[in-house]
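A quick write-up on the structure given underneath.
Worth saying up front: this structure is predicted, and the values here are computed from it rather than measured. Letters A, B, ... are given to chains in the order of the sequence lines, protein chains preceding strands, and every chain is numbered from 1.
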Amino acid sequence: MNLYKYVSEAINEKLGFKANLETPRNRSFGDFSTNAAMVMAKKEGKNPRDFAAEIMPKLSELDFVESASIAGPGFINIKLRDDFIWYAAAKPHDMKTQNPLIIDMDYGSYNVAKSLHIGHLRTSIVGDTLNRIAKYIGHKTISYNHMGDWGRSMGLVIAWIKKNHPDWPFFKDDFNPDADYSKYAMSPEELDTYYPAAVALAKTDEKFMEEARIITAKLQGGHPGYNALYNVFFPISLKSMTETVNKLNIMPFDKNLGERNAALYIEPVEKMLREKNLLVKSDGAEVIIVKKDTDNAPMPPVMFYNSRGAVPYDATDIMALYYRKITDNPDKIIYLTDIRQKLHFEQLFRVAEITGLFPPENLEHIGYGTINGSDGKPFKTRDGNAAGLNDIIDMINEAVKKRVIESGKNLPKETIDTIALAALKFNDLMHDLRSDYIFDPESVTSFEGRTGPYILYTAVRLNSVLKKAGIKKESKLCSLSEEERNLLIEILDFERTVQSAFDNRATDIIANYAYDLCQLINTFYHNCPILREGINEETKAQRLTVTRIARDTLATAIDLMGLKIPEEM
RNA sequence: GCGCCCUUAGCCCAGCUGGAUAGAGCAUCGGAUUUCUAAUCCGCAGGUCGCAGGUUCGAAUCCUGCAGGGCGCGCCA
């Protein structure tokens, strides 16, 4: 049950006007409070405390209210009945929306022939969690790994291979497109080295850079040799991406379709733009003007063809919109990328509007902040390179392993992997995704306090108690201790929290909720023993029921974050 | 130059409904375990919420200005 919503609606109905319901920071004031008296008294020119005294008896009549009282300048504090809390908490969570939407979710955005680095962490983890939340609420989502598989980086990789293997058939005039070229496949590790090497060379060698530009345009234009070579290394890269997705325990993408797929729709999109007279020649390129008279910020045009005839990402993103329109026809498209792409999406959404593809309210860009090192600059490894995702995962695995050995425990490898992943993912999810945050390897691998392992540990302990206790019938209410009461009320805030996380597109809301919930659980666990000697059967049964309810809610939250609960830890 | 974002405890962050005494974690100090799993719990200490005005019964939260930091502004994605 969404307790807040339930209480709020009941109070509004009773009073006949909309009261603002709050949860007081200080629990001793009550379970809820409302400033309705202060707001209404002002409107009607009355004294707030007098007005509060007038409406308070009405609130006391509500069947879930234990007591109501007036405090401070005119707050009305409400305490709920224990039996109501008990009854409400026993119901399983159910928050399927009445209006399910089709939502395209664009996150991940991995690049072909470029291994994943720390920059892909947030888009993957946060995107996956937002996707899970949307599904949990009942929306139909279609997740896209919109791959960087058709731009300049492809031209650079091919140019690099050409430079090192000029004798390969892909570069010959008499290239035979029907032959089998699988023997040219390279290892994923080797493929990973091409792009950085090519970029380094292009920085100093303008001729090489120009060749890469030309190759990019030719690749896009259908050059048989370049396309055959592309088809040699693309599957290698896709396989690596899939392995990383599995390693991160994020749901498989519904569609691994990127720029290349979008570019298949160049003809209808170009036709649409020309019919509307939107393509304008400018410095040898063709662009779409999206500036409005009301703009007071810089608003450059959107590039459709660059001066070499290649389609940059501005264009492929328009085509991707077209593809999604004619296939999914979604109610909403949510893009999750680095915040530095904000302007690009503003431009893209303007094109969507003037072409009539999608109205602006159906398009949404969530820009996430940068993961920085302790120096405040983007996180790098000790050798000064951008940290690879696999390296980071390995580093945390090592720390967990060390920790396990120190504590004298003996845990299987899968459990260590699970704990390490929780440390990494929770650390990412708990931060406001729109802000930069500092990635401190020390604190990510410390496992105490506000961490993923703490969350898992709490769940493992609950499971352990429930397992030892065996299957018990659900109990009746005797009387709630303060610990149980606080815990159950937090559990009754779960649905509101999930809804808020979705509405605000904010994973930290669910992560911080999970942490708060764990704190209450651990306090309960510590102060309310169950299987110890001297606990009477009724108390034991009640505490077991609380434990079971808490475990179910926590397990759901853990699942929404894409974490797994180990058997033991 | 133009535009957007950020500034809360020694460190790292919550505070996404404008409410009552601003909260966690880490680090420091002290206490609780032959564990229903101590990766836990309890406590001490730590703050002019960047600065200055304004709106309001009430401001960390809204508005204005200033300072410091970050980011963006056509042929990379």
Short N-O contact, Asp338(A) and Arg340(A), less than 4.0 angstrom = yes
Identity of whatever pairs with rC49(B) - Watson-Crick or G-U, under 3.5 angstrom = none
query = Across all strands shown, which nucleotide pairs with rU28(B) by Watson-Crick or G-U wobble geometry, both distances under 3.5 Å?
reply = none
ask   = Which whole number of Å gives the distance between the P atom of rC11(B) and that of rC49(B)?
value = 16 Å
ask   = How far, in whole Å, is rU8(B) from rG68(B) if one measures between their C1' atoms?
value = 16 Å
task = Determine, answering yes or no, if Phe75(A) is stacked on rG19(B) under the 5.5 Å centre rule and the 30° plane rule.
result = no
message = Would you measure the distance from the P atom in rA32(B) across to the matching atom in rG69(B) and give it in whole Å?
response = 49 Å
inquiry  = Give me the distance, rounded to whole Å, that separates rC42(B) from rC57(B) when you measure between the C1' atoms they each carry.
reply    = 39 Å
ask   = Starting at CZ of Arg450(A) and ending at P of rC11(B), how long is that distance when rounded to a whole Å?
value = 18 Å
Under 4.0 angstrom between Lys409(A) side-chain N/O and rA39(B) OP1 or OP2 = yes
query = Just to confirm, is there a sub-4.0 Å distance from OP1 or OP2 of rA39(B) to any side-chain nitrogen or oxygen of Tyr457(A)?
reply = yes
task = Report, as yes or no, whether the 6.0 Å neighbourhood of atom CD on Glu210(A) holds more than 12 heavy atoms from other residues, nucleotides or ligands.
result = yes
query = Taking the nucleotide of RNA chain B with the closest heavy atom to each, which residue, Ile76(A) or Tyr454(A), is nearer the 5' end?
reply = Ile76(A)
message = By the 4.0 Å heavy-atom rule, please label Ala71(A) as base, sugar-phosphate, or nothing.
response = base
task = Indicate, with a heavy-atom threshold strictly under 4.0 Å, whether Val302(A) touches base, sugar-phosphate, or nothing.
result = nothing
task = Answer yes or no: does a side-chain N or O of Thr523(A) lie under 4.0 Å from OP1 or OP2 of rC42(B)?
result = yes
request  = Rounded to the nearest angstrom, tell me the gap between atom NZ in Lys291(A) and atom P in rG3(B).
outcome  = 11 Å
remark   = One should read off an interatomic distance between Thr445(A) OG1 and Glu448(A) CD, to the nearest 0.5 angstrom, of 11.0 Å
query = Under 3.5 Å, is there an N or O donor on one side and an acceptor on the other linking the side chain of Ser446(A) and the base of rC26(B)?
reply = no
task = Please work out if Leu456(A) contacts a base, only the sugar-phosphate, or nothing of the nucleic acid, heavy-atom cut-off 4.0 Å.
result = nothing
key: Sidechain N-carboxylate O distance under 4.0 Å for Lys292(A), Asp295(A)   = no
ask   = Are Glu206(A) and Arg213(A) within salt-bridge range, i.e. N to O under 4.0 Å?
value = yes
inquiry  = So Ile438(A), base contact, sugar-phosphate only, or nothing? Heavy-atom distance under 4.0 Å.
reply    = sugar-phosphate
Integer-rounded Å distance: rG69(B) C1' and Asp436(A) CG = 11 Å
note = Applying the 3.5 Å cut-off to both distances, the Watson-Crick or G-U partner of rU56(B) turns out to be none
note = Checking Tyr335(A), Tyr107(A), Phe349(A), Phe345(A) against His365(A) for ring-ring contact (aromatic ring centres under 6.0 Å, His included), the one that qualifies is Phe345(A)
query = Have Asn522(A) and Tyr454(A) got a donor and an acceptor in their side chains that come within less than 3.5 Å?
reply = yes
inquiry  = Need one value for Asp508(A): base, sugar-phosphate or nothing, where a base atom within 4.0 Å counts as base even if backbone is also close, heavy atoms only.
reply    = base
ask   = Base, sugar-phosphate, or nothing: which does Glu448(A) touch, judged by heavy atoms less than 4.0 Å apart?
value = sugar-phosphate
ask   = Looking for any heavy atom pair under 4.0 Å, which part of the strands does Tyr110(A) touch: base, sugar-phosphate only, or nothing?
value = nothing
inquiry  = Counting only Watson-Crick pairs (N1-N3 plus N6-O4 or O6-N4) and G-U wobbles (N1-O2, O6-N3), all under 3.5 Å, who is the partner of rC2(B)?
reply    = rG72(B)
task = Would you mind classifying the nucleic acid contact of Glu442(A) as base, sugar-phosphate or nothing, using non-hydrogen atoms under 4.0 angstrom?
result = nothing
query = Which whole number of Å gives the distance between the P atom of rG50(B) and that of rC6(B)?
reply = 12 Å
query = Looking only at N and O atoms, is any donor in the side chain of Ser282(A) or the base of rG74(B) less than 3.5 Å from an acceptor on the other one?
reply = yes
query = Honestly, is Arg505(A) close enough over Phe502(A), meaning NZ or CZ under 6.0 Å from the six-membered ring centre and within 45° of the axis?
reply = yes
task = Assign each of Asn296(A) and His526(A) to its nearest nucleotide of RNA chain B by heavy atoms, then name whichever residue's nucleotide is nearer the 5' end.
result = Asn296(A)
ask   = Which value, in whole Å, describes the distance between the C1' atoms of nucleotides rA9(B) and rA60(B)?
value = 14 Å
message = Quick check for you: among rA39(B), rU17(B), rC73(B), whose closest atom lies nearest to any side-chain atom of Pro453(A)?
response = rA39(B)
inquiry  = Of the options rA39(B), rA20(B), rA77(B), whose atoms approach the side-chain atoms of Met569(A) most closely?
reply    = rA39(B)
message = Going by purine N1 to pyrimidine N3 plus the second Watson-Crick contact, or the G-U wobble pair, all under 3.5 Å, which nucleotide sits opposite rU34(B)?
response = none
task = May I ask you to verify whether the side chain of Ser109(A) and the base of rA77(B) hold a donor-acceptor pair under 3.5 Å?
result = no
message = Taking any heavy-atom pair under 4.0 Å as a contact, classify Ser464(A): base, sugar-phosphate, or nothing.
response = base
request  = For rG50(B), decide between syn and anti, treating a glycosidic angle within 90° of 0 as syn.
outcome  = anti
query = Touch check for Asp317(A), heavy atoms < 4.0 angstrom, all strands: base, sugar-phosphate only, or nothing?
reply = nothing
message = Roughly how many Å apart are rC26(B) and rU40(B), using the P atom of each and rounding to a whole number?
response = 7 Å
